[in-house]
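Here's the structure we're looking at; comments come further down.
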Amino acid sequence: MPELPEVETVRRGLVKLIKNKTIKQVKVIYPKIVVGDPLEFAQQLQNKKIESIGRRGKFLLFNFNQGVTMVSHLRMEGKYFVKSADKPLEKHTHVVFSFTDGLQLRYNDVRKFGRMQLVKTNSIAQLPNLAKLGPEPLSDQFVLPDFVQKLANKKKAIKAVLLDQTVVAGLGNIYADEVLWLSKIHPLTPAAKLSVKQISVLRQQIITELTAAVKAGGTTVRSYTDAFEHSGNFQFDLHVYGRQGQPCQRCGSQIVKIRVAQRGTHFCPNCQQVIK
DNA sequence: CATAGAACCTGCTAGC
DNA sequence: TGCTAGCAGGTTCTAT
């Protein structure tokens, strides 16, 4: 479910809830969630203390003492929340981290797409999926010349390119549709056809939109909640996602839903003209 | 290499 | 009411 603003909101909640806690025991209930040997995973984490929690793109980085980091991706439906150890487990809880103070961090994931793995903190950069990530959109690494360069050799639809985490990290299906509407760019436009001016506008809209969404605690349209099990508020600020058949807030034309790169894609056929 | 499509999972909803 | 097809904030593997 989560894109950058939701993952960042989860991260901030987890910092408040579990930073500095020490793990007593880890139970992996559904082994496929863990990359590598689940027993080894559990063993490695025993007696480790959570020193900080970071984020890169849509990845959460739990940094433990002794140079160990748990890299965790929530994919579509992954959630973390904290419960007292005496509370019964939820149906879709697949990994349980028990702390020395009687609380538990529980990883819950209806569709079981999420993944977590342990790596040495100092070798995180070599993890293939992290190494390939594009720049953080809300950092000064996300500069126009590089963005222009990345789009220049891509013939596929700009919507598909925005979902490609090697171009820029953190956008997903909702925010991709939103930033294209804000930039008045048709989702099917081949990326290489965009002008530098359009790419400049797009970059600025990505920054503005993600910043606003983080501030609002993310978007809840389905099942997303943060680590406090609270919904986000940015769903009230969406302009096209999920609004097919409703009037465009700029021109009044009906918002249309099509399929691009296997994903539901929403846009205004009047404001967002396709360039062939 | 770049791109398109299937695969990984479960639950919910619309339609018959 | 009951069943089925289709869809869901993502990524990765396979085939072309």
Side-chain angles (χ1 to χ4, degrees), chain A residues 1-11 29-35 55-60 71-80 90-95 107-117 127-134 137 149-180 188-192 206 209-210 212-214 216-226 230-245 257-266:
Chain A
M1 45 169 176
E3 307 180 35
L4 185 151
E6 292 74 42
V7 178
E8 176 60 20
T9 304
V10 169
R11 187 195 70 79
I29 297 161
Y30 185 79
K32 280 184 77 173
I33 297 287
V34 172
V35 177
R55 178 189 59 74
R56 176 76 172 95
K58 301 174 193 171
F59 289 87
L60 286 167
V71 178
S72 169
H73 199 300
L74 306 172
R75 298 281 180 92
M76 291 290 258
E77 305 248 5
K79 289 181 201 191
Y80 282 105
E90 303 70 23
K91 181 178 180 188
H92 299 290
T93 291
H94 305 309
V95 185
Y107 178 74
N108 187 289
D109 189 342
V110 169
R111 293 175 74 181
K112 302 177 176 169
F113 285 169
R115 292 292 179 267
M116 55 186 74
Q117 81 181 102
L127 255 196
N129 40 10
L130 281 177
K132 284 186 232 154
L133 285 182
Q149 185 65 41
K150 282 254 176 71
L151 301 193
N153 45 20
K154 302 234 185 272
K155 295 185 176 115
K156 64 178 174 179
I158 184 62
K159 165 71 185 273
V161 173
L162 291 180
L163 295 176
D164 178 349
Q165 302 297 297
T166 70
V167 173
V168 55
L171 286 171
N173 204 40
I174 294 179
Y175 298 111
D177 282 4
E178 293 298 312
V179 298
L180 288 172
L188 286 175
T189 309
I206 289 170
E209 182 77 348
L210 292 180
V214 169
T219 300
T220 298
V221 295
R222 227 182 103 79
S223 60
Y224 163 75
T225 65
D226 67 13
H230 294 155
S231 293
N233 285 308
F234 202 70
Q235 59 276 17
F236 304 117
D237 295 309
L238 299 180
H239 297 101
V240 282
Y241 184 87
R243 298 180 60 92
Q244 59 272 25
K257 182 177 181 183
I258 60 173
R259 216 150 175 85
V260 180
Q262 310 182 88
R263 315 301 302 279
T265 297
H266 315 72

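Chain naming here is simple, since letters A, B, ... match the order of the sequence lines and numbering starts at 1 in each.
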Please state how far atom OH in A/Y241 lies from atom P in C/dG10, giving the value in whole angstrom units. 8 Å

Show the nearest heavy-atom pair for residues A/D177 and A/K159, with the distance to one decimal. OD1-NZ, 2.8 Å

Can you tell me if A/Q149 has over 12 outside heavy atoms packed within less than 6.0 Å of its CD? no

Within this structure, what is the CG-to-C1' distance between A/D164 and C/dT12, rounded to whole angstrom? 12 Å

Spacing of A/N129 atom CG relative to C/dC13 atom C1', expressed in whole Å: 14 Å

Could you tell me how far apart A/I258 (CD1) and C/dG6 (P) are, to the nearest whole angstrom? 19 Å

Gap between atoms CZ and C1', on A/R222 and C/dG10 respectively (whole Å): 13 Å

Hey, where on DNA chain B does chain A first and last touch, going 5' to 3'? Cut-off is any atom under 4.0 Å from a heavy atom. B/dT3 to B/dG11

The residue, A/K156 or A/Q262, whose nearest nucleotide of DNA chain B is more 5′ is A/K156

Look at all strands and tell whether A/G264 reaches a base, only sugar-phosphate, or nothing, counting heavy atoms closer than 4.0 Å. sugar-phosphate

Classify the angle between the aromatic ring planes of A/Y107 and A/H94 as parallel (below 30°), tilted (30 to 60°) or perpendicular (above 60°). tilted

Quick one: label A/F234 by what it contacts on the DNA or RNA (base, sugar-phosphate, nothing), any heavy atom closer than 4.0 Å. nothing

Does either side chain, that of A/Y224 or that of A/E3, offer a donor lying less than 3.5 Å from an acceptor on the other one? no

Results of side chain to side chain contact (heavy atoms under 4.5 Å, CB included) for A/I258 - residues two or more places apart only: A/L188, A/V256, A/V260, A/T265, A/F267

Heavy-atom nearest nucleotide on DNA chain C taken for A/F59 and for A/V221; more 5' hit belongs to A/V221

Find the distance A/R263:CZ to C/dG6:P and express it as a whole number of Å. 18 Å

Shortest non-hydrogen contact between A/E77 and A/S223, atoms and distance: OE1-OG, 3.0 Å

What's the CG-C1' distance between A/L163 and C/dT11, to the nearest Å? 11 Å

Using Watson-Crick and G-U wobble pairs with both distances under 3.5 Å, what is the 5'-to-3' dot-bracket string of DNA chain C, with [ ] for crossing pairs and | for pairs outside the strand? .|||||||.|||||||

Closest-nucleotide mapping onto DNA chain C: is A/K132 or A/R111 further toward the 5' terminus? I mean the 5' end. A/R111

Starting at atom CG of A/D177, determine the distance to atom P of C/dG10, rounded to an integer number of angstrom. 10 Å

Candidates A/I33, A/I29, A/N108 - the one meeting side-chain contact (heavy atoms from CB on, under 4.5 Å) with A/V95: A/I33

Euclidean distance, A/T166 OG1 relative to A/L133 CG, rounded to 0.5 Å: 8.5 Å

Under the side-chain contact (heavy atoms from CB on, under 4.5 Å) criterion, do A/K32 and A/K112 qualify, and how do the steps go? CA-CA 8 Å; A/K32 280 184 77 173; A/K112 302 177 176 169; over 6 Å; no

Sticking with atom P, work out how far C/dT14 lies from B/dC9, rounded to a whole angstrom. 15 Å

